[in-house]
> 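Here's a structure for you.
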Amino acid sequence: MNAHELTLAGLNEHRLFTILDLTGTFAFAISGAVAARDRGLDLFGIMAIAFIVACGGGVMRDLCIGAVPPTGLTDWRYLTVAMAAAWMSIAANKFVVRLAHPVILFDSLGLGLFAVTGAQKAIIYGHNAEVAVLLGVVTAVGGGVVRDVLLNRVPVILQKEIYASAALVGATIEVLGETLGWTTVWLPWFALLTCFTLRLLALRYGWHLRLSDTARD
């Protein structure tokens, strides 16, 4: 592969990362806006929660890997996408409500997207596989934790639901693929789809990691 081909490959990977990251921002912003609206917050509160949920995990990741100032605070596209998603959830509230459990749906989508992009960015900044997986999980669950704390709810990550575990699976697939050289366009999509599907199936069938009463005794 010559220098021109390497450059094109790098640009394509960067473009894919940006698309996935902004899509995750959009999904999490909608979940934050819907949750804030359900709690009866005013317009400013809805916008604030939407942005915090959309960019909170990414900001934590960037601070951990030394990518400062964080992209979520310096790139205008992230604020624009988050605000657009919040406005859309308000303007099209009747449509959003028709979706089955909209917060869960968009939160699960954002979970998979950010698990992948969080791991990708850690690898780009030269960190090892263990750190990349960990930061993939942090990116995926960070915004949701902040949302639940601000809305006075027990964070999903602390409940018995399979949430962080799904993000862990998605991030692990992405990092394992990158480590083994599976640099295909399908790898991140497969990783996020696995995370998304695992999360929804766990909710549908009541899967959890809770110890049984016998085990606790």
> Excluding sequence neighbours, so at least two apart, what forms side chain to side chain contact (heavy atoms under 4.5 Å, CB included) with L151?
A35, R39, L41, I49, R147, R153
> Is there side-chain contact between Q120 and P188, with at least one heavy-atom pair below 4.5 Å?
yes
> Just wondering, do I52 and F28 contact through their side chains at under 4.5 Å, heavy atoms?
no
> Write down the atom of G136, the atom of A171, and the distance for their closest heavy-atom approach.
CA-CB, 4.2 Å
> Does F51 reach the side chain of L73, with side-chain heavy atoms less than 4.5 Å apart?
yes
> Check the pair M60 / T139 against side-chain contact (heavy atoms from CB on, under 4.5 Å), numbers first and verdict last.
CA-CA 7 Å; M60 294 179 190; T139 308; over 6 Å; no
> Is the shortest side-chain heavy-atom distance between W87 and M47 below 4.5 Å?
yes
> Between the main-chain N or O of I162 and the side-chain N or O of R199, is there a donor-acceptor pair closer than 3.5 Å?
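Indeed, once roles are kept as given, a pair shorter than 3.5 Å links the two residues.
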> Check whether any side-chain heavy atom of T117 lies under 4.5 Å from a side-chain heavy atom of F114, and answer yes or no.
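Yes, at least one pair of side-chain atoms sits under 4.5 Å.
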> With a 4.5 Å heavy-atom cut-off, do W189 and V116 have their side chains touching?
no
> One pair to check against side chain to side chain donor-acceptor pair (under 3.5 Å): T71 and K121. What are the steps and the verdict?
CA-CA 11 Å; T71 303; K121 191 162 187 177; 2.9 Å; yes
> For the CG atom on D42, are there more than 12 heavy atoms of other groups (residues, nucleotides or ligands in this structure) within a distance under 6.0 Å?
yes
> What verdict does the side-chain contact (heavy atoms from CB on, under 4.5 Å) test give for D62 and V68, after you've listed the backbone C-alpha separation in whole Å, the side-chain angles of each residue and the deciding distance to 0.1 Å?
CA-CA 6 Å; D62 288 353; V68 291; 5.8 Å; no
> What are the two closest heavy atoms between L198 and W207, and how far apart are they?
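Nearest pair, atom of L198 first, then W207: CD1-CZ3, 4.1 Å.
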> Can you find a pair of side-chain heavy atoms, one from V146 and one from V53, that are under 4.5 Å apart?
no
> Hey, are the side chains of I90 and L43 touching, using non-hydrogen atoms and a 4.5 Å cut-off?
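Touching, per the 4.5 Å side-chain cut-off.
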